Enquirer: 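Attaching a single structure in structure tokens format; questions to follow.
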Amino acid sequence: MSSQRSIASPRYLVPFHAKQHPHFFTDILIIGGGLAGLRAALAVDPSLSVLVICKAGLSNSNSVKAQGGIATVWDFKTDTFESHVADTLVAGGELCDKETVDYIVRHGTEEVQKLIEIGTIFDKKEDGSLLLGREGGHTQFRIIHALGDATGQEIMRAVINEAKLRPNIRIWEDTFVLDLLTADGFCRGAVVHWNKENETELIWAKQTILASGGIGQLYRETTNPEVACGDGVAMAYRAGAVIRDMEFVQFHPTVLYIAGGSRSLITEAMRGEGAYLIDKNGDRFMSDYDSRGELAPRDVVSRSIVKQMIKTNHPNVYLDLTHKNADWIYKRFPGIAAVCAQFGLDLAKDRIPVRPGAHYSMGGVLIDHFGRTTIKGLWAAGEVSSCGLHGANRLASNSLLEALVFGEQTGRLASEIAVQMSDEYRALPIENKPMKSALEPCRKCKFPIGCDNSESSPQKSKVANTILVDIMDIRNSLKSMMWRLVGVVRDENGLKEALNNIDQWSSYVFSHQFHSTEAWELQNMLTVSRMIIEGALERQETRGSHNRSDFTDFDPDIPAKHSIFRYVESETVR
């Protein structure tokens, strides 16, 4: 499953001129302020300057919102690395890279220890040892959590505090990265837009690490924050990086469903602690679909819930924890109890309405075992990447683990290269690639940049202000369509309808220039949505999180294949 895509999209979302914008120079540029990005920053050689760019604020990331915990082997009397690896491979639907899985699992324990050393306070038992939980797909108790159900919040508190203590780390919040700067197949930095100042700036870096997070906002029902629009995948795609397996989108089985209310994640740890899934009639139905019941992998539980919703003609199912001790419930899940209370629900007394929601992307920017993308000078870590850990379906609580291990590795290895580079790194001889350079020098100003005068620049599109384009209407329509046609269960007719809609919206959205974050996000969302749809159409099987109702489960005797996406600039937009 491999092809090159030609879409109606320019190489850069906005035209720019090197002489008309300020420039900023740093040794290491990190795009994203979640756990992967900040862990990378902490791993950089202290002699190097680091710039971390956040689209919103440090408090607004999936890492902060993570509830369940970190899956890692901690109690070696009852657990082993081999067991954790095996559980991960089973969940991944024969599509994991075993070498990568083994590396991440074996380095997880030391990364958790480093978190403790910088002040992270994990939940403990009375004897002082870490309290370990269990979630769906895990055969052992190995989930380390904090503050009951606010693990990400506690980890990020400690990591953010540590980053702010490092004099070599600078953090820019409320800054939108438009595109990666590339020349001769080498990433030179990024074009960014300061939202508050309404100013575009060129960032030049010796090495760039992409850690921009996920794509959950492509769907109407999602656990992701507003910033998770797939910007990193889209910008890497336009820069020529290989993107892999975008059709694999994990839908978390239990998202709080209150009509008109915000969608809040109900952690899988609740089922791990004994919560039942019941339908509107009070029937505990999971055993009808899988012998593992509520502790089946997420893809299985999500599909089972959808089937039960259809069977009972009801918009949701329910989580029931009323058979457990009330005091224990409030202590173990204080955050969820507080959210439920806002809607008049008592976690210890009431059935909690839930349904699946888009949660995590297994696909992303292809990286090797070191975290390198297919573009020299560009690394990736965390959800934006495709490293081979998750395969077709992520095992619960493996995401924070991946962010820590690959965040540390990319930061350390990128800095080792940057230390050896001259400050004149823009002029270094770079090995030419077959791919067309995106930054051919302008014949008028001679700057190696995609300026307004350059023949390699995007066409001078109409300015969006001259037409009526309702960005939010298209965005809402896109999210609803993706949920309806490219959601938990998919089929050929629905996917073709979705692809047709994407083509129609893209035909006029990409033919105009915009001057707002919301519009740039929409362009990125359309780009990533198309990859998900095309990948889902080509993958004629049910595997992991990708469920085709018109095809059966994958044949384990047939070698698993990856879907590959590579950008080819359309002749119509040059």
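Keep in mind it's a predicted model, so treat the numbers as computed, not measured.
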Enquirer: Passes ring-ring contact (aromatic ring centres under 6.0 Å, His included), W520 versus H515? Steps please.
Expert: CA-CA 8 Å; W520 296 325; H515 304 286; 7.4 Å; no
Enquirer: Counting only heavy atoms not in E99 (residues, nucleotides, ligands), do more than 12 fall under 6.0 Å from its CD?
Expert: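 Open.
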Enquirer: Could you tell me whether R106 and E82 make a salt bridge, using a distance below 4.0 angstrom between a side-chain N and a carboxylate O?
Expert: yes
Enquirer: Between F285 and Y289, what is the ring plane arrangement, given parallel below 30°, perpendicular above 60°, and tilted in between?
Expert: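 Ring orientation, 0 to 90° scale: perpendicular.
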Enquirer: Between the side chains of H546 and E541, is a donor N or O closer than 3.5 angstrom to an acceptor N or O?
Expert: no
Enquirer: Can you tell me if T223 and H359 form a side-chain donor-acceptor pair at under 3.5 Å?
Expert: yes
Enquirer: Return yes if some donor-acceptor pair links the side-chain N/O of T222 with the main-chain N/O of A358 below 3.5 Å, else return no.
Expert: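 A pair under 3.5 Å: yes.
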Enquirer: For residues F251 and Y219, establish whether the separation of their ring centroids is below 6.0 Å.
Expert: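 Distance test on ring centres: under 6.0 Å, yes.
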Enquirer: If we ignore angles and hydrogens, is there a donor and acceptor under 3.5 Å between the side chains of R394 and S399?
Expert: yes
Enquirer: Measure the OG-CD distance between S61 and E383 for me, rounded to the nearest 0.5 Å.
Expert: 10.5 Å
Enquirer: Working to the nearest 0.5 Å, report the span between NE2 of H390 and OG of S545.
Expert: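 H390 NE2 to S545 OG: 11.0 Å, rounded to 0.5 Å.
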Enquirer: Determine, step by step, whether E94 and R543 satisfy the salt bridge (charged side-chain N to carboxylate O under 4.0 Å, His left out) criterion, reporting the C-alpha distance in whole Å, the side-chain angles of both residues, the deciding distance to 0.1 Å, and the verdict.
Expert: CA-CA 9 Å; E94 304 290 335; R543 183 186 294 270; over 6 Å; no
Enquirer: Flag the pair P315 / K280 as yes when at least one side-chain heavy-atom distance between them is below 4.5 Å, and no otherwise.
Expert: no
Enquirer: Regarding T182 and R11, is there a side-chain donor-to-acceptor distance under 3.5 Å anywhere?
Expert: yes
Enquirer: Which residue, E135, R134, R142, forms the side-chain hydrogen bond (donor to acceptor under 3.5 Å, both in side chains) with H138?
Expert: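 The single option meeting the side-chain hydrogen bond (donor to acceptor under 3.5 Å, both in side chains) with H138 is R142.
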Enquirer: Looking at K307, I'd like to know if its NZ atom is crowded, meaning that more than 12 non-hydrogen atoms belonging to other residues, nucleotides or ligands lie closer than 6.0 Å.
Expert: no
Enquirer: Side chain to side chain donor-acceptor pair (under 3.5 Å) between S563 and E247: does it pass, once the steps are laid out?
Expert: CA-CA 8 Å; S563 56; E247 66 271 23; 2.7 Å; yes
Enquirer: For the atom pair CD1 (I30) and CD1 (I209), what is the distance rounded to the nearest 0.5 Å?
Expert: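 One finds 4.5 Å between CD1 of I30 and CD1 of I209.
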Enquirer: If we ignore angles and hydrogens, is there a donor and acceptor under 3.5 Å between the side chains of Q409 and Y103?
Expert: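 Yes.
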Enquirer: Looking only at the side chains, is there a donor atom on one of D87 and T139 sitting less than 3.5 Å from an acceptor on the other?
Expert: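 Side chains of D87 and T139: pair found under 3.5 Å.
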Enquirer: May I ask you to test the M235-L210 pair for a side-chain heavy-atom distance under 4.5 Å?
Expert: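 Result yes, sub-4.5 Å side-chain heavy-atom pair found.
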Enquirer: Taking only Lys NZ, Arg NE, NH1 and NH2, and the carboxylate oxygens of Asp or Glu, determine whether E294 and R284 approach each other closer than 4.0 Å.
Expert: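 Salt bridge present between E294 and R284.
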Enquirer: Please tell me whether Q250 and D299 have a donor and an acceptor in their side chains that are separated by less than 3.5 angstrom.
Expert: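 Checked: Q250/D299 side chains show no N/O donor-acceptor pair below 3.5 Å.
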Enquirer: Going through the checks in order, is the side-chain contact (heavy atoms from CB on, under 4.5 Å) test met by I564 and D245?
Expert: CA-CA 7 Å; I564 298 297; D245 294 342; 5.9 Å; no
Enquirer: Will you find, in the side chains of Q217 and N224, an N or O donor that is under 3.5 Å from an N or O acceptor?
Expert: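 Side chains of Q217 and N224: no pair found under 3.5 Å.
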Enquirer: Assess, by modelled atom type and distance only, whether the side chains of N281 and H314 contain a donor and an acceptor separated by less than 3.5 Å.
Expert: no
Enquirer: Ignoring hydrogens and angles, state whether a donor on the side chain of D290 or S304 is under 3.5 Å from an acceptor on the partner side chain.
Expert: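 On atom types as modelled, these side chains do not qualify, holding no pair under 3.5 Å.
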Enquirer: As an exercise, state the distance from CG of D102 to CG of D97, rounded to the nearest 0.5 Å.
Expert: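 The CG atom of D97 is 10.0 Å from CG of D102, to the nearest 0.5 Å.
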Enquirer: Establish, from distance only, whether the side-chain atoms of Y360 and H252 form a donor-acceptor pair under 3.5 Å.
Expert: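 No - no donor-acceptor pair under 3.5 Å links their side chains.
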Enquirer: To the closest 0.5 Å, what do you measure between SG (C387) and CE (M362)?
Expert: 12.0 Å
Enquirer: Measure from NZ or CZ of R238 to the centre of the six-membered ring of Y567, then state whether that distance is under 6.0 Å and the direction lies within 45° of the axis.
Expert: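 Not satisfied by the 6.0 Å and 45° rule.
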Enquirer: When you look at E497 and R484, which way does the salt bridge (charged side-chain N to carboxylate O under 4.0 Å, His left out) test go after all the steps?
Expert: CA-CA 11 Å; E497 179 184 341; R484 180 171 58 91; 3.5 Å; yes
Enquirer: If you round to the nearest 0.5 Å, how far is CG of N524 from CG of D231?
Expert: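 One finds 4.5 Å between CG of D231 and CG of N524.
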Enquirer: Can you find a heavy atom in the side chain of Y237 that is under 4.5 Å from one in the side chain of T527?
Expert: yes
Enquirer: Walk me through whether R298 and E268 qualify under salt bridge (charged side-chain N to carboxylate O under 4.0 Å, His left out).
Expert: CA-CA 9 Å; R298 288 177 174 176; E268 189 157 357; 2.3 Å; yes
Enquirer: For Q140 and H84: C-alpha separation, side-chain torsions, deciding distance, then whether side chain to side chain donor-acceptor pair (under 3.5 Å) applies.
Expert: CA-CA 8 Å; Q140 301 294 332; H84 191 177; over 6 Å; no
